[in-house]
Enquirer: 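This structure is in structure tokens; I'll ask about it shortly.
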Amino acid sequence: MPVDLVAPTRDRSAISLIAAGILWGTGGLAGSLLARQAHLQPLSVATYRLLLGGVIAIALLAVSGGLRGLPRSRAALRRILLSGALLGFFQGSYFVAVHYISVSIATMATIGTLPVFVALGTAIRTRRRPDAATLAAIAAAVAGLVLITWSPGGIASGWKLVAGVGFALLAAAGFAVLTLLTPTPVEGLDPLRTTAFGMLTGGLLLLPAGLAGGMALPLHPGTLATAAYLGSVPTAIAYTAYFRGLRTAAPIFAAIAALLEPLTSAVLSAVVLGDRLTVLGWCGAALLIAALAVTSRR
């Protein structure tokens, strides 16, 4: 394929993945607001996020005519079921980790180890060791994330710390498998269809746990608006952009782009909640952006 066609495609995929990472960063704030407004448990918020994201994505499909000619092959069914199971596993494990340890440490452990799991999975699949530049980009990205999110106070200890980090690593492993699985195309399944039915499946799988924690949602305009935003922008739209970018981008770039989530959360916390990003935090942001630039050009 001519270079002038390949380069724009890769540029578009990079933009999609970066947009997904940034939009995901707004999801943490929206999820925290919804939990506070409706007094919901973490797994209930995760269930609402996937169910609402799936329903909104299916509505977009209905409006655009994407529900016509849905694939009925076994390959499509397997992809939807596996994507839903991995999304439910990822969201559930992450919010359990948040229950045991702080949000910042759970996010750091989950998103920070994602590029490592993706690089390991890619090396196993291709039987090739990652090159020095890729390893350096991963190290810079993880170091940047540590500088952005690390908080020496309020960290759990003992078995709670072990359990929290363990579930965070499980969440990272599940999302890494999803990242490595999605680039393999399935006839008839575009990114929006994968997002819509995968999220709906994941939400239904989490529903028993969500109901056990309580899912009563007050019919208040502010609460409903927060829930609608959580299900649409950082979920339906962000995951559609992520799956679209994975079609032509390298999985390791997608994993590093996901690190924009905690960076966006940190910046939003500074702007909306008045939290201050320290000098080390800004240095971490610079490292993260540099790692993205290196992997994007490669």
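From a predicted model like this one, the values you see are computed outputs, not experimental measurements. In what follows, residues are counted from 1 in the order of the sequence shown. Heavy atoms only: backbone and side chains are in, while hydrogens, waters and symmetry mates are out.
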Enquirer: Just by distance, no angles: are the side chains of E187 and S73 close enough, under 3.5 Å, to form a donor-acceptor pair?
Expert: no
Enquirer: Less than 4.5 Å apart, any side-chain heavy atom of V96 and any of P42?
Expert: no
Enquirer: Is there side-chain contact between L52 and L230, with at least one heavy-atom pair below 4.5 Å?
Expert: no
Enquirer: My understanding is that only residues two or more places apart in sequence, or in another chain, count here; which of them pass side-chain hydrogen bond (donor to acceptor under 3.5 Å, both in side chains) with T179?
Expert: Y242
Enquirer: Measuring only between side-chain heavy atoms, which start at C-beta, is I56 closer than 4.5 Å to T235?
Expert: no
Enquirer: Only counting residues at least two apart or in another chain, list the ones meeting side-chain contact (heavy atoms from CB on, under 4.5 Å) with Q41.
Expert: S44
Enquirer: I want to check something: taking the side chain as every heavy atom from C-beta on, are Q37 and H220 in contact at a cut-off of under 4.5 Å?
Expert: no
Enquirer: Can you list the residues that meet the side-chain contact (heavy atoms from CB on, under 4.5 Å) rule with L180, with sequence neighbours excluded?
Expert: V118, T122, R125, P251
Enquirer: Let me see the working for L207 and M215 under side-chain contact (heavy atoms from CB on, under 4.5 Å), right down to the final yes or no.
Expert: CA-CA 9 Å; L207 188 57; M215 293 187 65; 3.8 Å; yes
Enquirer: Taking C-beta and beyond as the side chain, do L51 and L206 meet within less than 4.5 Å on heavy atoms?
Expert: no
Enquirer: Do the side chains of L87 and Y239 get nearer than 4.5 Å, heavy atoms only?
Expert: yes
Enquirer: Among L189, I80, L192, L77, exactly one meets side chain to side chain contact (heavy atoms under 4.5 Å, CB included) together with F197. Which residue is that?
Expert: I80
Enquirer: Determine whether the aromatic ring centres of W24 and F90 lie less than 6.0 Å apart.
Expert: no
Enquirer: Considering all heavy atoms of both residues, which atom of A241 and which atom of S16 are nearest to each other, and what is their separation?
Expert: O-CB, 3.4 Å
Enquirer: Not counting sequence neighbours, which residues clear side-chain hydrogen bond (donor to acceptor under 3.5 Å, both in side chains) with T223? List them please.
Expert: none
Enquirer: In the hydrophobic clustering (ILVMFWY, side-chain contacts below 4.5 Å, transitive), which residues join L23, or is it alone?
Expert: Y229, V233, I237
Enquirer: Applying side-chain contact (heavy atoms from CB on, under 4.5 Å), can you list everything that pairs with L169, at least two apart in sequence or on another chain?
Expert: T113, F117, V165
Enquirer: Do the side chains of P218 and H39 get nearer than 4.5 Å, heavy atoms only?
Expert: no
